[in-house]
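From a predicted model like this one, the values you see are computed outputs, not experimental measurements. What's counted below: heavy atoms across the whole structure, side chains too, no hydrogens, waters or symmetry copies.
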There are 2 protein chains.
Amino acid sequence: MIVATFNANSIRSRIGIILDWLAEQKPDVLCVQETKVQDVDFPVEAFGDCGYEFVFRGQKKYNGVALFSRYPIEDVEFGLDSEPADEPRMITAFVNDVAIVNTYVPQGTSPDSERFQYKLDWFKRLHRYFESHFSPDEAVLWMGDLNVAMDERDVHNAKTVWGSVCYCQESIDAISDVVEWGFEDMFRKFSDEGGQYTFWDYRVRNGVERNAGWRLDYVMATAAMSAKCRRCWVDKEPRMKERPSDHTFLLAEFDD
Amino acid sequence: MIVATFNANSIRSRIGIILDWLAEQKPDVLCVQETKVQDVDFPVEAFGDCGYEFVFRGQKKYNGVALFSRYPIEDVEFGLDSEPADEPRMITAFVNDVAIVNTYVPQGTSPDSERFQYKLDWFKRLHRYFESHFSPDEAVLWMGDLNVAMDERDVHNAKTVWGSVCYCQESIDAISDVVEWGFEDMFRKFSDEGGQYTFWDYRVRNGVERNAGWRLDYVMATAAMSAKCRRCWVDKEPRMKERPSDHTFLLAEFDD
DNA sequence: GGGGGCTATG
DNA sequence: CATAGCCCCC
């Protein structure tokens, strides 16, 4: 089984990229974040013939998640079940008896903002979600844009960006707390490399060329799944150049 | 001498079309309307190597006119000289001793609006402009988007659109009053045909395919110029399909 | 329906 | 820098 994750930054602007990429890579599961479209406007017809089932939950302009699968998508749940009411940032479903938890973690805006506290709380709520819905010995994949670079290998210029909402002690502690519930980072399972990024800020000049990026997207696996994982890699898709996105695809392959 | 007119509906969006078209058709003069760009943002560099001189006057979002010529552009004047202050809708200049008056006549929005009265007044002011600046026995070409269909041959469905701002008695009277100062419609000099349109409303479904258009663009000539006119024709440029515009090119050829 | 412009967001 | 969404206009 091959699973993948991609922050689309508007799924309507990436229909071509996603369709081409699914046709080429043929992953079994694709988690999409930042669809930026309310459900009534989701491009259902565009994805009608691609050979994938899909579920989605979104709003106008911000957030929004989707899950594509070549196999039946079962027991779908949307969002966190704790207070306050969640934004459309999460889909939980089972594919071939593997739990897929696709999350778009809040970015946090700035360290002194309410949104940053919301981010830290969101990780806590997610931790409680895993505690109440799953056991670490089950087959669970937590995937998506987790909006944290966990160490200096995951950011371009660690010293200068230290303290920003996606690379600071509080965010690292918050995500680590969830990881410690029972996850392992599949990319790090196979590589100690730095510079393997999945996000490049549009506002950074020539960021892609200079590889001034961030590793913010993850495939996290419980022990049972980690044991089956054969590889996990970034696909810096060349077609992104046509209509460049700010994120790229991350994939992981598991034995059946 | 070949002259041409084209409502660009944003000259920045039609740079490719205009450059290609100039290179192919090689008119001596091209009048452009609806450039939709203020002078500081006019794409001067894009047109730098095309072999044409050009002058322009525009504003941010609406209106704007430009004049391209293979021969020197002399005695340039912008706009009407009567009150109230004119929008950037007109360039007068001489090319090879022929006066070229490039106008983008106000569309008029709706028959009950102030903009419609502004349109009717604009024709009156233009009439006075011709009276005070020229004599009907001079070589004058009044060209551009005149925003009036003068009879039933000039609109797709005359009975249903009668009464709209571009095809109603008041607009026809207003433009006729200017024509009667001393102009002749070069297209009608050579053809009684209907259905030879220069504009197709984007909002009309499959308007181009169904030829549900309007003839709103004209080359009007004084007697001295009319005597030299050999032909006047619409160029429904095939390349428009790439990034379709809502107007097309109208050309006229004159003996030297 | 397709231009531009403006604003907010990341 | 590149999204969305809203506005105005034709």
(request) Take atom CG of A:Asn7 and atom P of D:dA4, then tell me their distance rounded to the nearest Å. (result) 13 Å
(message) Output the rounded distance in Å from CD1 (A:Ile15) to P (D:dT3).
(response) 13 Å
(message) Reading DNA chain D from 5' onward, which residue's closest nucleotide shows up sooner: B:Asp246 or A:Arg12?
(response) A:Arg12
(request) Salt-bridge test for B:Glu87 and B:Arg115: reply yes if a basic N is under 4.0 Å from a carboxylate O, no otherwise. (result) yes
(request) Decide, yes or no, whether a salt bridge links B:Asp154 with B:Arg188 under the criterion of side-chain N to carboxylate O below 4.0 Å. (result) yes
(request) Would you classify A:Phe199 as touching base, sugar-phosphate or nothing, given that sugar-phosphate means primed atoms plus P, OP1 and OP2, and contacts are heavy atoms under 4.0 Å? (result) nothing
(request) Would you mind reading off the distance between B:Asp217 atom CG and D:dC10 atom C1', rounded to a whole angstrom? (result) 13 Å
(request) Indicate the ring-plane relationship of A:Phe47 and A:Phe68, choosing parallel, tilted or perpendicular according to the 30° and 60° boundaries. (result) perpendicular
(message) For D:dC9 and B:Thr109 - does any side-chain N or O of the residue sit under 4.0 Å from the phosphate oxygens OP1/OP2?
(response) no
(request) Calculate the interatomic distance between A:Tyr62 atom OH and D:dA4 atom C1'; express it in whole Å. (result) 8 Å
(message) Between B:Asp81 and B:Arg128 (salt bridge meaning N to carboxylate O under 4.0 Å), is one present in this structure?
(response) no
(message) Could you tell me how far apart A:Arg205 (CZ) and D:dA2 (P) are, to the nearest whole angstrom?
(response) 10 Å
(message) Less than 4.0 angstrom between a side-chain N/O of A:Tyr202 and OP1 or OP2 of D:dT3, yes or no?
(response) yes
(message) Does any part of the side chain of B:Pro88, heavy atoms only, come nearer than 4.5 Å to the side chain of B:Tyr104, both counted from C-beta?
(response) no
(request) Look at A:Ser13 and D:dT3 and indicate whether a side-chain polar atom (N or O) is within less than 4.0 Å of OP1 or OP2. (result) no
(message) Could you tell me how far apart A:Asn9 (CG) and D:dA4 (P) are, to the nearest whole angstrom?
(response) 8 Å
(request) Have a look at A:Arg14 and say if it touches a base, only the backbone sugar-phosphate, or nothing, with a 4.0 Å heavy-atom cut-off. (result) sugar-phosphate
(request) List for me each residue that meets salt bridge (charged side-chain N to carboxylate O under 4.0 Å, His left out) alongside A:Arg14, sequence neighbours excluded, and say none if there are none. (result) none
(request) Can you tell me the distance, in whole Å, between the CG atom of B:Asn147 and the P atom of D:dC10? (result) 8 Å
(request) Please find the earliest and latest nucleotides of DNA chain C, in the 5' to 3' direction, that have an atom within less than 4.0 Å of any heavy atom of chain B. (result) C:dG1 to C:dC6
(request) Could you tell me whether A:Lys124 and A:Asp177 have a side-chain N and a carboxylate O separated by less than 4.0 Å? (result) no
(message) Just the rounded figure in Å: distance from C1' of D:dA2 to CG of A:Asp201.
(response) 11 Å
(message) Can you identify which nucleotide, out of D:dG5, D:dC10, D:dT3, has its nearest atom closest to the A:Lys61 side chain?
(response) D:dG5
